[in-house]
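Values reported hereafter were calculated over all heavy atoms of this structure, with side chains retained and with hydrogens, waters and symmetry mates removed. Since the model is a prediction, treat every value here as computed from it, not as a measurement.
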Amino acid sequence: DVNNNNLSIKDGRITLNKLVFDVFGKYSYSGNKLNLHIKGKNIDIKSFITALPENIKHKFQGFSSDGIFYFDTKINGKISYNTTPSIKATFGIKNANIKQEKTGIVLNNVFIKGSFTNGEKQSSQTSGLILDTLSATIAQSFFSGNYSVTNFANPHIQLNISGSFDLSQIKNLFNIGQLKTFDGKMIADFSFSGNVSGLSEITAADYRKSISSGKISLNNANLQLANSTDQFTNINAGFTFHNNDVRVD
C-alpha cells in the first residue's frame with residue numbers, strides 16, 4: 001500500500017536461489033526511514049551456503065551438510081550513503097549434520113542458537129555476535145558451550161566450552177599438520193575472556209592479556225610431531241587455568 005510518501009508491505013516474499021523469505025514492513029520516502037522485518041524458516045543449509053558470497057562460501061569447501069537453518073531480522077531506522085539503520089537478528093541451526101568429505105568425519109546433532117546486532121551506534125564498534133547455545137557430537141566426542149564477540153573493530157571474545165573429545169578426531173577435523181600422531185581422550189571445562197588481535201585464532205600475546213578459568217585433562221594420550229621421530233605415549237595430565245596462568249599436574 002502507498003499512502004503519500006509512505007510505502008507499506010503487508011505481505012511479501014523474496015526467493016533467492018531456493019531460499020524463500022517472508023518480508024513485511026514500512027518505508028518512508030520523505031525521511032528515508034526503513035522499518036523492515038525479514039523471516040526465513042526451515043531453510044535448507046545446502047541452499048543457504050550456495051547463496052553466500054564467494055569469499056565466504058569457499059570456507060565451506062570440502063564440507064557437506066544437511067539440516068534446518070532459520071533467522072528473523074529487523075531493520076529499523078534511516079538509511080542513506082552515510083547512515084546505517086539498526087539491525088537486529090536472531091538465528092539458529094537445528095537437526096544438522098556436517099560432514100568433512102576428505103576424512104569422513106561427521107558432526108552430528110549440530111544445534112546453534114544465536115543473535116546479532118550492530119548496536120546503538122550502528123557501527124563495527126558497537127556490533128556484537130552471540131551464540132548462546134552451541135552443541136554437537138562427533139562419534140565418541142561431544143561438546144557444548146557458548147560464544148560471543150563484541151566490538152568488531154577491537155574484538156572481545158567470551159568463550160565457554162565443556163565436553164569429552166577423541167583427540168584423533170579433533171586432529172583430523174581441524175587438519176593439524178604439525179602433528180603426526182595425536183590420539184587419546186581429553187575432557188574439558190574451560191572459559192576464556194579477552195581482547196584478541198584477530199577472530200581466526202587466539203595468539204600467545206592475546207592469552208597473556210586474557211582471563212581464563214577451568215580445567216582440561218588428558219587421558220592416555222599419544223603425541224608425535226610431524227618432523228620428529230620422538231613419540232610421547234600414555235600422557236596423563238591435568239591443566240588448571242586461572243586468569244592467564246596455567247598449572248600443569
Hey, is the main chain of N154 close enough, under 3.5 Å, to the side chain of N151 for a donor-acceptor pair? yes

Looking at T137, is its backbone amide N or carbonyl O close enough to the side chain of S141 to form a donor-acceptor pair, meaning the two atoms are under 3.5 Å apart?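 Not a single qualifying donor-acceptor pair exists.
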
Residues, nucleotides or ligands: over 12 heavy atoms within 6.0 Å of N32 CG: yes

side-chain hydrogen bond (donor to acceptor under 3.5 Å, both in side chains) between H37 and D72, intermediate numbers included: CA-CA 8 Å; H37 194 174; D72 189 316; 2.6 Å; yes

Tell me if the centroids of the rings in F116 and F91 come within less than 6.0 Å of each other. no

What orientation do F71 and F69 show, parallel under 30°, tilted 30 to 60°, or perpendicular over 60°?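 The arrangement is tilted - the two ring planes meet at 30° to 60°.
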
Anything under 30° is parallel, anything over 60° is perpendicular, the rest tilted; go ahead and classify F241 against F190.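 Rings of F241 and F190: perpendicular, as their planes differ by over 60°.
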
So which heavy atom on [X] is nearest to which on [Y], and how close?
{"X": "D183", "Y": "N222", "result": "OD1-ND2, 2.7 Å"}
{"X": "P85", "Y": "N76", "result": "CB-O, 3.5 Å"}
{"X": "N109", "Y": "N97", "result": "N-OD1, 3.4 Å"}

Decide, yes or no, whether a salt bridge links K185 with D166 under the criterion of side-chain N to carboxylate O below 4.0 Å.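 No salt bridge links K185 with D166.
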
Please determine if D249 and R247 form a salt bridge, counting it only when a charged side-chain N lies under 4.0 Å from a carboxylate O.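 Between R247 and D249 there is a salt bridge, with a charged N closer than 4.0 Å to a carboxylate O.
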
